[in-house]
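None of the values given here were measured: they were computed from a predicted structure. Every number for a ligand or one of its atoms is a count from 1 in the order of the listing.
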Amino acid sequence: MEQALQQLRQDAEARVAAARDAAALRQVEIEYLGRGDGKLTVLLAGLPGLPLEQRKSAGQLANEVKAAIITRLNERRATFGQAESDLDVTQPGIAPQVGHRHLVTQAIDEITAIFERIGFQRSRHSEVDWEHYAFAALNMPADHPARDEWETFFVDAEPHSKLGRRVLTPHTSNGQVREMEQRRLPIRMVNIGKCYRRQIDVSHVPMFYQFEGLVVDEGITMAHLVGTLDYFAKAFFGPDRKIRIRPYHFQFTEPSIEIDINCAVCGGRGQLADGKICRLCKQGWLELGGAGMVHPNVLKAGKVDPKKYSGFAFGWGVERCFLMKSGLQIPDIRMLYENDLRFLQQF
Ligand code: PHE
């Protein structure tokens, strides 16, 4: 038995030395150490038939032989290198799933880049703020009925003695006075952040994004405002799209306007080629958002002298703008936040 073991060891070591690649080594390993009919295993099957003394010493030797063969196998395997030992380098790889940014994040980045090109800086202001910044500083004193237009969530927290209750910002306009308090003039900011309102339907979600532009400098006029918005609309929606402005009312701008964009589905005609009414816009135009010249009371709240400086502001919804891009036919704004990969992967 002992002789047979020594012989087996020699044979195995010679085979290991002669193996040319990892596959050949594996073959030797199976042939000698394989559980079922490996040569060592077969030889050891004869152990129980031996007298006790021999059985002991043969068992011990068998363990040594096995360990030696394994050591040789490992040494030789290491000389072939990792790639050859376990990998078939010619096999096609398994492509990992690559994700991408959410479409709303993509829209935010695009909006930021468009405004940066004309000298705006992105800023960030609180998404949970005091009533003061969300309303009072914007020319809406406590109990002013205009506050009702923003279906506001109030935070259940101790009110501030001067700044009022805490709110989830219902618009990004809280950033206006915060920006004036923080920065030196002139200001050219675009504040993009989350807003919250108590409403949900095909065109509203309770959490959404707005981008708020604010420019404050000497001699700023309505022409600067309209020029900026027209530039943005052409950059974001395409050079063939048009905007129009309508008089409107906000407490914090004077004069105030709303901006519409011609509908991409019907080309602004309100009718489709077959004469049917366009279901998306119904009359050729879609509402984009509000804007206006900053109200003197708002400048004063931000400690800016309205006799010397003037400014414009606008606040539009990110998701709403995204949905109005040409060629998208997304019927329900809530789809953006359902996190259905079949939808998200299309963008
Ligand atoms: N804050 C307004 C809204 O949420 C939009 C707006 C911003 C209007 C700035 C005028 C100026 O509807």
Write out all pairs satisfying side-chain hydrogen bond (donor to acceptor under 3.5 Å, both in side chains) with one or both partners inside residues 310-323, taking only residues at least two apart or from two chains. Glu319-Tyr337
Give the atom numbers and elements of ligand 1 that come within less than 4.0 Å of a heavy atom of Gln176. 9 (C)
Quick one about His295 and Gln251 (side-chain donor to acceptor, distance below 3.5 Å, no hydrogens or angles considered), yes or no? no
Quick one: does Ala291 get within less than 4.0 Å of ligand 1, heavy atoms only? yes
For ligand 1, find out whether one of its N or O atoms is nearer than 3.5 Å to an N or O atom of Thr253. no
Heavy-atom distances under 4.0 Å decide this one: backbone, side chain, both or neither, for Trp316 against ligand 1? neither
Is it true that Lys325 and Glu110 make a salt bridge, defined as a side-chain N closer than 4.0 Å to a carboxylate O? yes
Top protein contact for atom 9 (C) of ligand 1, by heavy-atom distance: Glu212 OE2, 3.4 Å
So is Arg197 polar-close to ligand 1, meaning N/O to N/O under 3.5 Å? yes
Do me a favour and list the nearest non-hydrogen protein atom to atom 7 (C) of ligand 1 with residue, atom name and distance? Gly315 N, 3.2 Å
Test of proximity, His171 against ligand 1: N or O pairs below 3.5 Å: yes
Taking salt bridge (charged side-chain N to carboxylate O under 4.0 Å, His left out) as the cut-off, I'd like each qualifying pair that reaches into residues 38-58, sequence neighbours left out, listed once. Glu31-Lys39
Those atoms of ligand 1 less than 4.0 Å from some heavy atom in Phe252: 1 (N), 2 (C), 6 (C), 7 (C), 8 (C), 9 (C), 10 (C), 11 (C)
Which residue is it: Thr169, Asn191, Thr172? I am looking for the one with a side chain to side chain donor-acceptor pair (under 3.5 Å) to Gln210. Thr172
Would you find more than 12 non-hydrogen atoms of other residues, nucleotides or ligands less than 6.0 Å from Arg35 atom CZ? no
So, are Asp156 and Arg166 salt-bridged, with charged N and O less than 4.0 Å apart? no
